Amino acid sequence: MMARGARIRSKSGMYHVMFRGANKQEIFHDEADRVEFLRILRRYKEQSGVNVYAWCVMGNHVHLLLKEGEEGISLTMKRLGISYAQYYNGKYGTNGHLFQDRFRSENVESVASLLRVVRYIHQNPVKAGLVRRNEEWKWSSCRAYYDPEHYMRKWLDGDYILGLLPGSPETALKIFKAFTDQPNNDEFLEYDTGTRRKIPDEEASKEIKKLIGQLEIPQIKSLPKPQRDHILRKIKTIQGITQRQAARIIGISPNLVFRVK
């Protein structure tokens, strides 16, 4: 999780951060995983004083927009990553690296960039084809912005963002909604998903779960080879799932999938 080289310090203290799974593997398999990640984020928000302006938890990566608090952003992210990895490995009986070795980040230095990054983060599920409207994705901060009574609003430093917009709080929220829902081609920490797939990872994960029954997806790679290969053969028959996509979701080398006949 630690950076290989010194990051350029943001003058504003604000950063757009992205965690992703090692080898692009799935790191959030169900609602409980996403809830736990957000619970850990809230804990370190309280401990370090980091401000949280936006989040979006996907299947194999997560976007955050933060302002560092009493400690540097790298230390906060290291604590967050280690805590979630401990939870994940304990729940699924796995070990080894969960995240790729270096989280990605970019500095956010202007109000214009700040608003556009919030919009980019909230539009991630729409652009991935998972939902039709930003607020339909349960695991982003968009709902907490759109609904002032949402239970996650207390986890969010959204009043700062809305305070950058003109007018009363009600007017600012209307402007924010219109801006957030506006189609655009912005690219921030663009996530390379490779070639276009027939179905998105979220749907592919659901199909794999149906096939394996009570077994958890992260446990497939630890099965004895004959049992693992039997499951992989069945997964390869699922219409719309590519072999590389299946390997990424399970957390194994694509070659293991390719070799199974």
Side-chain angles (χ1 to χ4, degrees), residues 7-8 10-21 24 26-28 34 37-38 41 45 50-68 73-74 76-77 80-81 99-100 102-147 150 152-153 155-166 172-197 200-202:
R7 296 180 188 272
I8 299 175
S10 169
K11 295 177 182 178
S12 68
M14 298 181 186
Y15 300 86
H16 174 204
V17 174
M18 184 179 74
F19 283 114
R20 66 179 177 184
K24 301 180 182 179
E26 294 279 295
I27 53 178
F28 304 104
R34 292 176 168 92
F37 181 86
L38 292 174
L41 175 63
K45 168 181 167 59
V50 65
N51 290 325
V52 180
Y53 298 127
W55 67 77
C56 184
V57 183
M58 300 290 279
N60 60 3
H61 67 289
V62 55
H63 288 273
L64 302 170
L65 179 57
L66 311 169
K67 182 176 182 180
E68 62 185 3
I73 195 69
S74 291
T76 302
M77 292 301 96
L80 177 62
F99 298 104
Q100 71 172 37
R102 178 186 174 99
F103 71 88
R104 297 179 63 190
S105 70
E106 60 186 350
N107 300 355
V108 182
E109 304 288 14
S110 69
V111 170
S113 293
L114 183 63
L115 294 172
R116 289 171 61 216
V117 171
V118 173
R119 179 173 65 184
Y120 172 82
I121 290 174
H122 289 164
Q123 288 190 0
N124 248 238
V126 174
K127 291 181 177 179
L130 301 177
V131 293
R132 295 181 61 185
R133 299 195 302 271
N134 301 321
E135 67 271 23
E136 291 177 353
W137 187 248
K138 185 177 179 180
W139 306 107
S140 84
S141 51
C142 188
R143 288 186 178 185
Y145 272 103
Y146 284 13
D147 179 8
H150 194 278
M152 285 190 177
R153 186 63 177 259
W155 300 11
L156 182 69
D157 294 294
D159 288 345
Y160 175 80
I161 300 296
L162 296 176
L164 299 173
L165 301 172
L173 181 55
K174 289 180 180 179
I175 294 172
F176 178 82
K177 286 182 177 180
F179 179 79
T180 302
D181 293 340
Q182 187 179 71
N184 64 88
N185 295 314
D186 287 344
E187 295 183 0
F188 297 96
L189 289 182
E190 195 66 14
Y191 182 66
D192 180 15
T193 55
T195 57
R196 185 175 180 83
R197 296 182 296 273
D201 283 359
E202 294 286 334

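Nothing here was measured: the structure is a model prediction, and the numbers come from that model.
Taken to the nearest 0.5 Å, the CE atom of M14 stands 7.5 Å off from the CG atom of N51. Here CG of L80 is found 13.5 Å from NZ of K45. Values are rounded to the nearest 0.5 Å. With rounding to the nearest 0.5 Å, the separation of CD1 in I73 from OG in S10 is 9.5 Å. Between the OG atom of S113 and the CZ atom of R116 there is a distance of 6.0 Å, given to the nearest 0.5 Å. C142 contributes atom SG, which lies 13.0 Å from atom CE of M152 (distance to the nearest 0.5 angstrom). Between L173 atom CG and L162 atom CG the span is 6.0 Å, to the nearest 0.5 Å.
Using the six-membered ring where Trp is involved, F99 and F19 have ring planes that are tilted, between 30° and 60° apart.
The heavy-atom pair separating L156 from A54 by the smallest distance is CD1-N, 4.1 Å. The nearest pair of heavy atoms linking H122 to S141 is NE2-OG, 2.7 Å.
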Determine, stepwise, if the pair L115 / V118 fulfils side-chain contact (heavy atoms from CB on, under 4.5 Å).
CA-CA 5 Å; L115 294 172; V118 173; 5.7 Å; no
May I have the step-by-step check of side-chain contact (heavy atoms from CB on, under 4.5 Å) for D201 and E26, ending in yes or no?
CA-CA 9 Å; D201 283 359; E26 294 279 295; 3.7 Å; yes
Run the side-chain contact (heavy atoms from CB on, under 4.5 Å) test on L165 and K174 for me, step by step, so that the C-alpha distance in whole Å, both residues' side-chain angles and the decisive distance to 0.1 Å come before the verdict.
CA-CA 10 Å; L165 301 172; K174 289 180 180 179; over 6 Å; no
Under the side-chain contact (heavy atoms from CB on, under 4.5 Å) criterion, do Y120 and H16 qualify, and how do the steps go?
CA-CA 10 Å; Y120 172 82; H16 174 204; 3.9 Å; yes
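Taking the side chain as every heavy atom from C-beta outward, L114 and L65 approach each other to under 4.5 Å. The shortest side-chain heavy-atom distance between W139 and M58 does not fall under the 4.5 Å cut-off. Side chains of W55 and L66 form no contact here, defined as non-hydrogen atoms less than 4.5 Å apart. Counting only heavy atoms from C-beta outward, the side chains of N134 and S140 never approach each other to under 4.5 Å. Put simply, the side chain of N107 reaches to within 4.5 Å of the side chain of Y15, judged on heavy atoms. Taking the side chain as every heavy atom from C-beta outward, Y53 and V108 never approach each other to under 4.5 Å. For the pair L64/V52, no side-chain contact is recorded, criterion being any heavy-atom separation below 4.5 Å from C-beta on. Counting heavy atoms from C-beta on, the side chains of F37 and I27 never come closer than 4.5 Å.
Of the possible polar contacts, one joining the T180 side chain to the F176 backbone as a donor-acceptor pair under 3.5 Å is found. Judged purely by atom type and a 3.5 angstrom limit, R143 uses its side chain to pair as donor or acceptor with the backbone of E136. The backbone N or O of Y145 lies less than 3.5 Å from no partner atom in the side chain of E135, so there is not a single donor-acceptor pair. A donor-acceptor distance shorter than 3.5 angstrom exists from the side chain of R153 to the backbone of A144, with no hydrogens or angles considered.
Salt-bridge formation is not detected for the pair K138/E202: no Lys NZ or Arg NE/NH1/NH2 atom is positioned less than 4.0 Å from an Asp or Glu carboxylate oxygen.
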